[in-house]
Structure formats: structure tokens, C-alpha cells
Amino acid sequence: MSMYQVKAVSAGHMEVDLPSCMYKLPNIHEQKSGCGHAHQNGEVDPAVRALEARQDEILRRLYELKATVDGLTKTITTPDADIDVASLSQGMGSAVFTGPADLDSLLGKDYGALRDIVVNADPAQPPLSLLVLHSLLCQRYKVLSAVHVHSSVTAIPPQLLACLGPRNTLNHSRHDFQLGFTLIWKDVPAPQMKFSVQNMCPIEGEGNIARFLYRLLSPGPQDAVSATLMDSWVDTAIFQLAEGSSKEKAAALRALNGALGRVAWLVGSDLSLADIVCYCALLRSGSNTSAPANVQKWMKSCENLSHFNCAYQVLQSK
């Protein structure tokens, strides 16, 4: 029994036609002459083809812009580096490019971003071996080079500002290079290097940085004995020839003279990292003038290679 009774609004049963969709639109895929985006022969409308080409061009330019921003981000986010980003595109090494090398096989793929090497060094103790390695890197890779001065340093000789070669006045895009090498003269206790700043911890010490840079040029000795010998000479150069006491320097010179009495180069049959670091350590310590006969002959062989010119020129500024 219902509580209330209401009279029917309409008499009888009424059928209501409900729609199956909210809106009806013509089918744009119908192949009819004069309408739609495709013709009867299956060809794409020229207007659509032009729109697709324009979209592809926009996407390509956006990708290049993103790659440029990623590369700049790596540089301007380097801690403790006062870098003028506007001048980065003007720094260029003077060495002749001898041919490209595959960095992806050495460092892994890094899409779009320039691989940046940033070195902080004290101008009172310039890392001569790193300058020689930079010269060698410029022979194998396209290197974007730049020198900057940190606010902790007040005065820099002109030779140190030009130690990576003269600046090129032509405009170059960062995409034209494989490596970025930035040297910052700064008041630091020992040379520091940052590579791919956002992904890698700093490397400290001239010897350790030299080992990293050398591996970009050569995989190094393949056998354990030669690799250990090379590391031993690098440590001898840094801790005895360059930083050791007078007795330690004399002992290292005797060992160097004895080794060079049997071979032309310290490791292997050609110039290696051991020769580069030992030569630069002798040059910086001033022991080159009083070195034994075998060492003098070996140093002449090094000086005949143009890569050592930058180290000698920088030393004249002190």
C-alpha cells in the first residue's frame, strides 16, 4: 500500500529513442574525392606531408638545444669555478687534428653532451705533464680548450693564460668538439680534476690526473709488469724528483740514469706516460741541468718532440 498517489503526467506507455553516441562526425578516413587527407590513389595530402616535415624539423632543433643546455650545465655547475660561459665557445686548442677517435669505446656513450675535463691548479706549481698530455689529446681529438683564473688568484703571467694555445677568433659550436679541456688557475694544495662533473668524483694529484688523461690516448701496457713499472716511474717522478728531499732526488736520478743506460724510453719502445711525467718533474725541479749523461741524452730526445714545448714555455714564466 503506497503512502501517496500521484496522477500520471502522460497517458499510456511512451517509447523514447536514446542516441548511441553523444556527437556524430563525418569519417575523415573515407577516401572520397575532394575531402579528407588522403586521395583515392593512396597518396598523402601535400599539406599533411609539409606539416609532418615541419614537426620533424622542430623536434630536431629541440634535441640540439637540449644537448647544448646539458653541456653548459655540466660547465657552470662545476663547484668553485668562476667560469665565463659566454667565452667557452671561443677557447680552442692550436694543435692540428690528426683524426677522430672513438671516445664511446673508452668512456661509454654520452648522448648530446660534450665530455668536459676541468682541472684546478696552483699557478705557483703548474702541472707541466698535464699540459703535455693536453697537447697530445689535441692531436687525437677535437678539443675545446679554455683557461680561466679563479678569484683566489690575483696575478697570472701571460704565459700561463696562453698555456693551452692561442684563442681562435672564429665562432665554433660545442658540437664541433669531442672533448672540453678547461684549466682554472686557483689556489689549491694539489691539482684537482673533475670529469663529467655530475657523474664522477674529483681526481686529486698530478700523477693520478695524468694517468686518467693518458688512458684517453692509449690503453697503456697490456701486461702487469709493464703497467706496474709505468706506475712506479710516475710515483717516483711526483714524490721524489718533484717533491722529495735532496737525497731522494739524487737516488731517483741514479735509478733513472741506470734504467736509461739500457733502454731509450722508460717503458716499452716509445714515449709513454712515464717519460712525460719524469721529464716534466726534472724540468720543474731544475735538476735537468745537472743530470747524468744518460738522462741528458733522454731529455734531448723528449725535447725533440713538439709536445714538450708548452711545458718549457710555461716554466720560463716563473
Exercise for review: Can you measure from CD (Glu57) to CG (Leu62) and round to the nearest 0.5 angstrom?
Suggested key: 10.0 Å

Check your understanding: Mind checking whether Cys278 and Thr236 have side chains closer than 4.5 Å, heavy atoms only?
Key -> no

Check your understanding: To the nearest 0.5 Å, what is the distance between CD1 (Ile117) and CD1 (Ile209)?
Key -> 10.0 Å

**Study point:** Sidechain N-carboxylate O distance under 4.0 Å for Asp231, Arg211
**Key:** yes

Review point. Are Leu51 and Val48 connected, step by step, through hydrophobic side chains (Ile, Leu, Val, Met, Phe, Trp, Tyr) whose heavy atoms are closer than 4.5 Å?
Key: no

Point to revise | Thr228 side chain to Ala224 backbone, donor-acceptor under 3.5 Å | key: yes

Point to revise | Minimal non-hydrogen separation, Ala237 against Val277, with atom names | key: CB-CG1, 3.6 Å

**Study point:** Side-chain heavy-atom pair Leu256, Trp233 within 4.5 angstrom cut-off
**Key:** yes

Revision key, fill the gap. Closest non-hydrogen contact found for Lys186 with Ser152 is CG-OG, 3.6 Å

Review point. Do you know the tightest heavy-atom contact between Phe308 and Leu271?
Key: CZ-CD1, 4.0 Å

**Study point:** N-O pairing of Arg49 and Glu52 below 4.0 Å
**Key:** no

**Study point:** side-chain contact (heavy atoms from CB on, under 4.5 Å) between Asp187 and His150, intermediate numbers included
**Key:** CA-CA 8 Å; Asp187 185 11; His150 191 262; over 6 Å; no

Check your understanding: With no hydrogens and no angle check, is any side-chain donor or acceptor of Glu248 less than 3.5 Å from a backbone partner on Ser245?
Key -> yes

Check your understanding: Could you state the interatomic distance from CG (Leu136) to CG (Leu305), rounded to the nearest 0.5 Å?
Key -> 9.0 Å

**Study point:** Heavy-atom side-chain contact between Glu204 and Pro191 under 4.5 Å
**Key:** no

Practice item. Begin with the C-alpha distance, continue with both residues' side-chain angles, and end with the deciding distance and a verdict on side chain to side chain donor-acceptor pair (under 3.5 Å) for Ser272 and Asp275. Key: CA-CA 5 Å; Ser272 70; Asp275 302 288; 3.2 Å; yes

Check your understanding: With distance as the sole criterion, is a donor-acceptor pair present between the side chains of Asn309 and Ser306 under 3.5 Å?
Key -> no

Check your understanding: Can you tell me how far CG of Leu179 sits from CG of Leu216, rounded to the nearest 0.5 angstrom?
Key -> 6.5 Å

Check your understanding: Less than 4.0 Å between a side-chain N and a carboxylate O, is that true for Glu206 and Arg284?
Key -> yes

Check your understanding: What heavy-atom pair brings Pro123 and Leu160 nearest, and what distance separates the two atoms?
Key -> CB-CD1, 3.7 Å

Exercise for review: Taking all non-hydrogen atoms of both residues into account, name the closest pair between Cys163 and Cys310 and its distance.
Suggested key: O-CB, 4.2 Å

Exercise for review: Please test Val143 against Gln178 for side-chain contact (heavy atoms from CB on, under 4.5 Å), starting from the C-alpha separation and ending with a verdict.
Suggested key: CA-CA 6 Å; Val143 182; Gln178 297 171 286; over 6 Å; no

Review point. Considering only heavy atoms from C-beta outward, does the side chain of Ile238 approach that of Asp235 to under 4.5 Å?
Key: no

**Study point:** Hydrophobic cluster membership, Val188 vs Phe195, 4.5 Å side-chain cutoff
**Key:** no

Point to revise | Over all atoms of both residues, closest heavy-atom pair of Leu213 and Leu133 | key: CB-CD1, 4.0 Å

Review point. Is any side-chain heavy atom of Ile184 closer than 4.5 Å to a side-chain heavy atom of Val119?
Key: no

Review point. Short question: side chain of Arg262, backbone of Gly258 - any donor-acceptor pair under 3.5 Å?
Key: yes

Point to revise | Pair Thr182-His148, side-chain donor/acceptor within less than 3.5 Å | key: no

Exercise for review: Please check if the side chain of Ser218 supplies one atom and the backbone of Arg215 the other of a donor-acceptor pair under 3.5 Å.
Suggested key: no

Review point. Is Arg61 salt-bridged to Asp56, going by a charged N under 4.0 Å from an acidic O?
Key: no

**Study point:** Side-chain heavy-atom pair Val149, Leu161 within 4.5 angstrom cut-off
**Key:** yes

Practice item. Consider only side-chain heavy atoms of I, L, V, M, F, W and Y, link residues closer than 4.5 Å, and tell whether Val263 and Trp298 are in one cluster. Key: no

Practice item. Mind running side-chain contact (heavy atoms from CB on, under 4.5 Å) on Phe212 and Asn208 for me, showing each step along the way? Key: CA-CA 6 Å; Phe212 177 86; Asn208 294 327; over 6 Å; no

Review point. Rounded to the nearest 0.5 Å, how far apart are CH2 of Trp265 and SG of Cys302?
Key: 4.5 Å

Revision key, fill the gap. Rounded to the nearest 0.5 Å, the CD1 atom of Ile276 sits from the OG atom of Ser135 at a distance of 9.5 Å

Practice item. Dump the intermediate steps for side-chain contact (heavy atoms from CB on, under 4.5 Å) on His134 and Leu164, then the final yes or no. Key: CA-CA 8 Å; His134 167 266; Leu164 298 187; 3.6 Å; yes

